[in-house]
Amino acid sequence: LETAAQSRHDLHHHDALLTEYLEQGETEKALAYLHAHGSAIDEGRLKQFCAEPTVNAALRIYERWAEEAGVEFAAVAELPETLPLDAPELGGLFSNILENALCAAQGVPGGFITLDTRIEDDNLLLEVKNSVSGQTEFRDALPVSQKPGGGTGTRSILATAKKHGGLALFSQEETEFCTRVILPLKK
């Protein structure tokens, strides 16, 4: 953010330098300068996963946290700018799923999180897969947290799904845990 802000501020300086190079017939220097400046701007650009701002912010946060934890993170988010869920619901839904995935994947050799979300047939489809060590205990089709007082995030995911007439499904196959949420977008 700081690099992008600085680049915007310095734009009039860049224009003056380019003008000088071009007026002096030094097109090679002008081109080299433009290439260097373009690289600096690209470094400051925020990653854009999708047009929906709350989901995009959550994905950027969890990508950074996963990287810091040594967990591979990949996300495909094909969402429009607006959805019929409010920002707190979207933020809570995506953040709770990603927090659970990150907690499970940390410390697992080759730990990973993959997210795929899109709109299909007027439904929000969300699938997160993550590495996990050991076998997850399930009670009434819900994963049981091993943390004292844990499970609040999973209950919140389920409550959001039910509120919108949708489903939240949890499963594990060997060392891969999967969370799927289907939310109808039209009533």
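Keep in mind it's a predicted model, so treat the numbers as computed, not measured. One-based numbering along the sequence shown.
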Practice item. Please indicate whether E174 has more than 12 foreign heavy atoms, meaning atoms of other residues, nucleotides or ligands, lying under 6.0 Å from its CD. Key: no
**Study point:** F112 backbone acceptor or donor facing S131 side chain under 3.5 Å
**Key:** yes
Revision key, fill the gap. Tested for side-chain contact (heavy atoms from CB on, under 4.5 Å) against N123, the lone hit among V181, I182, L185 is I182
Exercise for review: Please check if the side chain of E52 supplies one atom and the backbone of V55 the other of a donor-acceptor pair under 3.5 Å.
Suggested key: yes
Practice item. Could you tell me the separation between the CD atom of E26 and the CD atom of E28, rounded to the nearest 0.5 Å? Key: 10.5 Å
Revision key, fill the gap. Here the gap from L83 atom CG to H164 atom NE2, rounded to the nearest 0.5 Å, amounts to 10.5 Å
Point to revise | Gap between atom CZ of F94 and atom CG of N56 - 0.5 Å precision | key: 10.5 Å
Point to revise | Nearest-0.5 Å distance that lies between atom CH2 in W65 and atom CG in L102 | key: 8.5 Å
Point to revise | Any donor-acceptor pair under 3.5 Å from N100 side chain to L98 backbone | key: no
**Study point:** N/O donor-acceptor pair under 3.5 Å between Q172 side chain and G134 backbone
**Key:** yes
Point to revise | Flag, side chain of E176 to backbone of E173, donor-acceptor distance under 3.5 Å | key: no
Exercise for review: Measure up the F138 and F177 rings against each other and bin them: parallel (under 30°), tilted (30 to 60°), perpendicular (over 60°).
Suggested key: parallel
Review point. Could you state the interatomic distance from CG (L85) to CG (L90), rounded to the nearest 0.5 Å?
Key: 5.0 Å
Check your understanding: Just how far is it from atom OG1 of T160 to atom CG of L183, taken to the nearest 0.5 Å?
Key -> 8.0 Å
